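Only one structure is covered here, and it is reproduced in the block below.
It should be emphasised that the depicted structure is a prediction, and the values quoted were computed from it without experimental measurement. Counting convention: from 1, in listed order, for ligands and their atoms alike.
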Amino acid sequence: MEYKSGATILIVDDDKLNRIFLTKLLEKEGYHVVQAHDGYEGFKAAYDLKPDLMLLDVIMPKTDGFNVCKALKREPNTKDIPVIFVTSRADKSDIVSGFQAGAVDFVTKPVFMPELLARVRAHLSIKFYADQLRQKNEELEELNHLLKHLSKKDALMEIWNRGAFDIELEKLHNLSIRYERVYSLIFADIDYFKPYNDYYGHQAGDEVLKEVGRIFRSACRATDFIARYGGEEIVVILPETNADQSVKLGNRIMEMLCEKNILHEKSPLSNRVTLTMGISELDLNNIVSYQEIVKMADIALYEGKNNGRNTIVIYNNKIVFKKQGAG
Ligand SMILES: [Mg+2]
């Protein structure tokens, strides 16, 4: 398959008769032809129109064809346009200079039309396949990117998943230690979620998870990293934030959930869906592993569960402080 009809060919030549002669012949073959009478105009037309192929004269006033070709090959927008030199100057050194400038072919003047048409056709076909290949590659790259992204996301809550969390936490943990910056971790869990699912059904349970995901997304800052850790557990990594500052964010999330007023008749707490949160931070005077930071937040969370739930607890050197959450 070749693409012949509809292809746009740009002719750059200072010789008017030559332009007219080539234009007539190419138009007869079904090509769309555009003309330019010097190198500058030719470059501008190539840049603006992005033709499928160019026939470029070598000897022209102001700037010659070699310079035009080199300029086109330097420009991302025009570098893929195949250039065929059409010239009376065709000794071996000229041909070498032409290929060095980036041309795909040479045709000598006076032009033998069947030869020119054969070369035009051949290079248009090559360009057609190259364009298709490039487009397919771009589509594949896009798809790959999307797949990678999807494989790190939790589709239901529209936050990151556990795998992405592990990678992000390790990265931030190492950076924080190196630059001596604090960070903290919120470990949150929906209170009495199993009784909710048992009573209202899993579809309703999914709706709660979606809502909680939305609340976390709107409450957290762009630099925070929110992930679903497990069933109804959400973790947030907060760079450059200590535990006390994280409590403020935790309180805001709890207030927002409280305002949503999601009925939970099987919750012995308040008949509404609530959260319990455990918070840990990186202590630069007592550095532990990132797994330890997760464990500390988890211990604080369970301390909160054992102390009435709907609350925020900070883990601090094994001493657990209780903060009353909203709700
Ligand atoms: Mg000329």
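For the Mg ion (ligand 1), the N/O/S atoms of Ile59 include one lying under 2.8 Å. The Mg ion (ligand 1) lies under 2.8 Å from an N, O or S atom belonging to Asp14.
Of the listed residues (Ile234, Asp298, Ile293, Thr276), just one forms a side-chain contact (heavy atoms from CB on, under 4.5 Å) with Phe187, and that residue is Asp298. Of the residues Glu232, Met277, Arg309, the one that meets the side-chain contact (heavy atoms from CB on, under 4.5 Å) test with Asp189 is Glu232.
Closest to the Mg ion (ligand 1) among the N, O or S atoms of Asp57 is OD2.
The existence of a salt bridge linking Asp80 and Lys127 is excluded, since no basic side-chain nitrogen approaches an acidic carboxylate oxygen closer than 4.0 Å.
The aromatic rings of Phe85 and Phe106 lie tilted to each other, with the angle between the two planes from 30° to 60°.
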